[in-house]
Amino acid sequence: MNNSLTIADYYALHRDEIVSFIAQRIGDDNTAQDLVQDIFLRLLRSDKLISDITLPALVFTMARNAVADWFRRRRILEEYEHYIIGTSTDRESMDSIISARELMERMEHTLARLAPECRDAYRLHIYGGMQVSQIAEETHQSYRSIEYRIGLARRAVRQSLRKAVNA
């Protein structure tokens, strides 16, 4: 059976179950639905052989990893917010500092405008904590191309954040 059909059938039958699985852990139905969509899009883009037998375990492993990544991003965001609040000496200076949430939103907006290859490599590197060599191995691409893509994404994010701070 074709991978796409197998994945589509599994999605139709088990989508609500997986959304519930993620939503129970993160406490947000909308984000859970987004994460489930991302999981199935990644599966559909995958060129690996996926069978009816391996698909359930793969989906739930990806769901657990998506939850872990979500908590990791949330923890990073909270650390930046605490840092900003801790460095603020008065209310006026606090109001003038762009919150970590706004910076994260701006960064995500910038990443959304990048090519998917750059965006994915950057997210794996920053959020996933993966080294360039690990990303290259997982995506079956050369070390240099991954390094180049991460560099492009870093420059774009840096420029965007600079504009936000100077605005």
Extract all donor-acceptor atom pairs below 3.5 Å that involve side chains of residues 58-69 and protein atoms in other chains or at least two apart in sequence.
| residue | atom | partner | partner atom | Å |
| --- | --- | --- | --- | --- |
| Thr61 | OG1 | Ala57 | O | 2.8 |
| Thr61 | OG1 | Arg64 | NH2 | 3.4 |
| Asn65 | ND2 | Thr61 | O | 3.4 |
| Asp69 | OD1 | Arg72 | NH1 | 2.5 |

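- In this structure, Thr110 contributes its side chain and Arg106 its backbone to a donor-acceptor pair below 3.5 Å.
- Atom CZ of Arg113 sits in a crowded spot, with more than 12 heavy atoms from other residues, nucleotides or ligands closer than 6.0 Å.
- The salt bridge (charged side-chain N to carboxylate O under 4.0 Å, His left out) contacts involving residues 54-63 comprise nothing, where partners must be two or more places apart or lie in separate chains.
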For residues 22-37, tabulate all N or O donor-acceptor pairs below 3.5 Å that involve a side-chain atom, not counting sequence neighbours.
| residue | atom | partner | partner atom | Å |
| --- | --- | --- | --- | --- |
| Arg25 | NH1 | Phe21 | O | 2.8 |
| Asp28 | OD1 | Asn30 | N | 3.3 |
| Asp28 | OD2 | Thr31 | OG1 | 2.5 |

- Show your working on side-chain contact (heavy atoms from CB on, under 4.5 Å) between Tyr11 and Leu43 and close with a plain yes or no. CA-CA 11 Å; Tyr11 179 81; Leu43 284 170; over 6 Å; no
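- With sequence neighbours left out, Leu41 forms a side-chain contact (heavy atoms from CB on, under 4.5 Å) with Arg45.
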Report, one line per pair, each donor and acceptor closer than 3.5 Å where one atom sits in a side chain of residues 124-135; sequence neighbours left out.
| residue | atom | partner | partner atom | Å |
| --- | --- | --- | --- | --- |
| His125 | ND1 | Met130 | O | 2.9 |
| His125 | NE2 | Arg154 | NH2 | 2.8 |
| Tyr127 | OH | Glu108 | OE2 | 2.5 |
| Gln134 | OE1 | Gln131 | N | 2.7 |

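- We find the CG-CZ distance between Leu114 and Arg149 to be 12.0 Å, quoted to the nearest 0.5 Å.
- Residues satisfying the ring pair (Phe, Tyr, Trp, His ring centres under 6.0 Å) test with His14, not counting sequence neighbours, are Tyr10.
- Every residue was checked against the side chain to side chain donor-acceptor pair (under 3.5 Å) condition with Arg119, not counting sequence neighbours, and none meets it.
- What you find for Ala136 and Ile146 is that their closest heavy atoms are CA-CG1, 3.8 Å.
- Shown here is Arg15, whose CZ atom has more than 12 heavy atoms of other residues, nucleotides or ligands within 6.0 Å.
- Taking the side chain to side chain donor-acceptor pair (under 3.5 Å) definition, one finds that Thr139 meets it with nothing, sequence neighbours left out.
- Other residues sharing the hydrophobic cluster of Leu13, ordered by chain and number and joined by side-chain separations under 4.5 Å: none, the residue standing alone.
- Judged as a side-chain contact (heavy atoms from CB on, under 4.5 Å), and not counting sequence neighbours, the contacts of Arg155 are Leu152, Arg158.
- Distance check, rounded to the nearest 0.5 Å: CG of Asp120 to CD1 of Ile150 gives 11.0 Å.
- Within the structure, ring-ring contact (aromatic ring centres under 6.0 Å, His included) pairs that include any residue of residues 141-160 do not occur (at least two apart or interchain).
- Taking both residues in full, the closest heavy atoms of Ile7 and Leu55 are given as CA-CD2, 4.0 Å, listed atom of the first, atom of the second, then distance.
- Residues satisfying the side chain to side chain donor-acceptor pair (under 3.5 Å) test with Glu117, not counting sequence neighbours, are none.
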